[in-house]
Structure formats: structure tokens, C-alpha cells
Amino acid sequence: MQGYVRLMQAGLIILALAFSARVFAVPVTYDGITFPDGDVSFADGVLDYDPSYSDEAGPTDPNYMDPAEALGAPDYTGSVGSVSLGSGGLIELVFTDNSLTNSGDDAYDLHIFEIGPDVEDTFVAIRPTLDTFDLLGSSYDINGDGFFEIGSVNGSTSSLDIDAIFSGFTAGSLLFDAVQLIDDPDKDGQGGSTVGADIDAVGAIYSAPPAPDKPPVASVPEPGTIGLLSIGLLALGLVRRRTSG
């Protein structure tokens with residue numbers, strides 16, 4: 001009986017945390033792009049950063065060589081806050097407290113914040129969760145790295161519509177937990193101290209709770225999460241009271 005109660009307690013805490021992140025989300029807008037789930041919508045972990053991925057020129061300015069600068073909400077100040085990929089360079093960012101999902105229509109689902117006067121050409125791929133991979137199949141994984149290629153951002157376009165690639169699925173039925181960006185070495189300049197696309201942030205315009213088959217990395221809860229956690233704690237108290245009674 002005691003083991004059952006502890007399991008109930010853990011379940012209630014998880015439900016409270018997930019529920020709070022969705023119910024108390026405050027929409028935010030950056031560069032005219034609105035993210036309904038607030039700042040939780042942005043990638044917050046680095047899987048890989050390889051500015052020499054294509055054996056081309058890489059950045060040399062240390063202020064633009066920290067991949068962590070691409071995490072969280074857009075915060076470029078003019079001197080810090082972004083990371084240069086290098087010519088043909090790669091970065092892979094993961095969503096730990098949310099998932100990228102599809103809108104089910106022709107609305108944009110993903111936005112890449114690339115700083116500078118022009119959006120430098122960048123190939124974009126997204127990593128499906130296990131269930132989504134089974135649903136879509138492996139044909140979208142062209143090079144076998146676990147990421148599905150969905151196109152590129154270039155010119156004045158820095159948003160992508162997942163449904164344009166994976167059509168016919170209802171909103172929220174496809175989940176992705178990471179984004180891969182590879183600079184196009186055949187476009188734009190191939191020299192300078194900040195060569196390649198300069199990434200400030202990557203955001204899921206349409207966001208969902210973390211995928212159950214890839215649990216989020218433990219992190220400090222945001223204020224809204226902490227606020228609703230009390231609901232979970234109250235529920236725990238009720239469970240304990242019933243048990244002791």
C-alpha cells in the first residue's frame with residue numbers, strides 16, 4: 001500500500017508540473033512572431049555544435065562561438081547573444097521542457113532567429129519522438145542521423161510550416177524534440193570572424209508538453225510552474241490523509 005501511495009504522489013507532481021506549464025503560459029512576441037506558450041517554447045539544450053562540420057571556414061570571434069547563446073528566448077544585444085555556425089557548420093538544439101508540434105494547417109510552426117541584416121541560408125531538420133518516427137517512417141531521414149529534413153530558411157523567410165512536409169495529420173499529433181541547423185556553405189560569404197549563419201534562438205510556435213518517451217532534463221521550474229506546484233502538493237496531502245485514515 002505504501003508503494004502505491006508513493007506512486008500516486010509522484011504522478012500527481014508530474015501532472016501538476018505539466019498542467020501548470022500549459023494553463024498559466026503567457027504568450028510572448030519577438031520580432032512580430034507570437035509564441036502562445038511563452039518562453040518555454042524555445043530550445044534550451046545543446047546536443048552538438050560543430051563549426052567545421054563541412055570542413056569549411058569556421059568562426060574565430062570567441063564572442064560568437066558559444067552554442068549556449070542559441071538557447072532560450074531571443075536575447076541578442078549587438079555584441080553577444082548569438083552563435084556563428086561557420087561555413088557549412090552545424091548546431092543541434094533540444095527542447096527539454098516542451099515539444100515542437102504541428103498546427104494541422106498552413107500556419108508556421110517553427111521559427112529560427114538569425115541575426116544580421118540578411119537571413120543566411122540554413123538547412124533545417126527536426127528530430128521526431130519515437131511515436132512520431134513510427135508514424136511517419138524512416139524515409140524522411142535522408143542521411144540516417146535521426147533528423148527529418150524539412151527544408152531551409154533563406155532570404156526573408158525564417159519560419160517553417162511542418163504540415164507542408166508532413167500533411168494530413170491533425171494538430172498536435174506530431175511531436176519533435178530537437179532541431180538541427182546546417183549552414184549552406186554554397187551561399188553567402190565564406191570568410192570573416194563570424195562566418196556562417198548567426199543563431200540567436202530557435203522557437204516552437206506550436207508547442208506541446210514534453211514527449212513521454214523522452215523525459216525532460218531536470219531544471220529549475222519557472223514562476224508559473226512553482227505556483228501551480230502547490231496544487232500537486234495539496235493533492236498529496238489529501239492522499240496522505242486518506243491513507244492515514
Side-chain angles (χ1 to χ4, degrees), residues 7-8 10-23 25 35-38 40-50 53 67 70-72 90-112 122-153 157-182 184 199 201-219 225:
L7 182 61
M8 286 287 294
L12 287 169
I13 290 177
I14 293 173
L15 287 174
L17 291 174
F19 179 73
S20 66
R22 304 291 293 176
V23 173
F35 296 84
D37 282 354
V40 75
S41 306
F42 295 91
D44 42 18
V46 178
L47 292 176
D48 193 12
Y49 172 58
D50 185 1
Y53 178 74
L71 303 180
L90 168 150
I91 193 169
E92 293 175 351
L93 305 175
V94 64
F95 298 99
T96 63
D97 49 12
N98 71 307
S99 297
L100 168 67
T101 191
N102 63 314
S103 61
D105 54 29
D106 60 358
Y108 287 131
D109 305 303
L110 175 69
H111 189 82
I112 313 298
T122 307
F123 299 112
V124 182
I126 52 181
R127 188 174 71 177
T129 62
L130 296 178
D131 288 342
T132 298
F133 185 91
D134 291 340
L135 187 63
L136 297 176
S138 60
S139 61
Y140 293 99
D141 187 5
I142 297 176
N143 53 14
D145 61 358
F147 285 83
F148 288 180
E149 286 69 22
I150 60 172
S152 63
V153 290
T157 301
S158 50
S159 296
L160 290 167
D161 174 23
I162 293 175
D163 300 279
I165 307 299
F166 315 114
S167 61
F169 293 92
T170 58
S173 60
L174 303 178
L175 297 178
F176 304 86
D177 73 345
V179 174
Q180 178 191 80
L181 305 176
I182 300 178
D184 185 349
I199 306 302
V202 173
I205 301 174
Y206 279 85
S207 178
D213 56 4
K214 292 184 181 296
V217 176
S219 59
T225 300

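Numbering of residues begins at 1 and proceeds along the displayed sequence.
- Put simply, the side chain of T132 gets close to the backbone of L175: a donor and an acceptor are under 3.5 Å apart.
- With hydrogens and angles left out, the side-chain atoms of D131 and T129 include no donor and acceptor closer than 3.5 Å.
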Apply side-chain contact (heavy atoms from CB on, under 4.5 Å) to D184 and T122, showing your working.
-> CA-CA 5 Å; D184 185 349; T122 307; over 6 Å; no
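- No donor-acceptor pair under 3.5 Å is formed between the side chain of N98 and the backbone N or O of S207.
- How far CG of D141 is from CZ of F133: 6.0 Å, rounded to the nearest 0.5 Å.
- Remark: side-chain polar atoms of D177 are not paired, donor with acceptor, to backbone N or O of S99 under 3.5 angstrom.
- Rounded to the nearest 0.5 angstrom, L110 CG and Y206 OH are separated by 13.0 Å.
- Applying the side-chain contact (heavy atoms from CB on, under 4.5 Å) criterion to D106, with sequence neighbours excluded, gives D161.
- Considering every non-hydrogen atom in both S41 and F35, the closest pair reads OG-CB, 3.8 Å.
- Listed by chain and number, the residues in a ring-ring contact (aromatic ring centres under 6.0 Å, His included) with F169 amount to none (sequence neighbours excluded).
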Verdict with supporting geometry, E149 and N143, side-chain contact (heavy atoms from CB on, under 4.5 Å) | CA-CA 9 Å; E149 286 69 22; N143 53 14; 3.6 Å; yes
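- T101 contributes a side-chain N or O that, together with a main-chain N or O of L174, makes up a donor-acceptor pair within less than 3.5 Å.
- Here the straight-line distance linking atom CD1 of I165 with atom CG of N102 works out to 12.5 Å at 0.5 Å rounding.
- In this structure, CD1 on I150 lies 10.5 Å from CD on Q180, to the nearest 0.5 angstrom.
- Note on ring orientation: taking the six-membered ring where Trp is involved, the planes of F166 and Y140 are perpendicular (angle over 60°, cut-offs 30° and 60°).
- Shown here for A208 and D37, the closest heavy-atom pair between the two residues is N-OD2, 4.5 Å.
- To the nearest 0.5 Å, the span separating CD1 on I112 from CG on L181 amounts to 5.0 Å.
- Considering only heavy atoms from C-beta on, I91 stays 4.5 Å or farther from V202 through its side chain.
- A donor-acceptor distance shorter than 3.5 angstrom exists from the side chain of D163 to the backbone of S103, with no hydrogens or angles considered.
- Scanning both residues, G72 and A201, for their nearest heavy atoms gives O-CB, 3.3 Å.
- Residue D109 comes nearest to I162 through the heavy atom pair OD2-N, 2.7 Å, listed as atom of the first residue, atom of the second, then distance.
- Among residues at least two apart or in separate chains, there is no side-chain hydrogen bond (donor to acceptor under 3.5 Å, both in side chains) pair with a member in residues 165-174.
- Between the OG atom in S159 and the CD1 atom in I205 there is a gap of 4.5 Å [rounded to 0.5 Å].
- Atom OH of Y53 has 12 or fewer heavy atoms from other residues, nucleotides or ligands within 6.0 Å.
- Ring centroids of F176 and F95 are separated by 6.0 Å or more, keeping the two rings apart.
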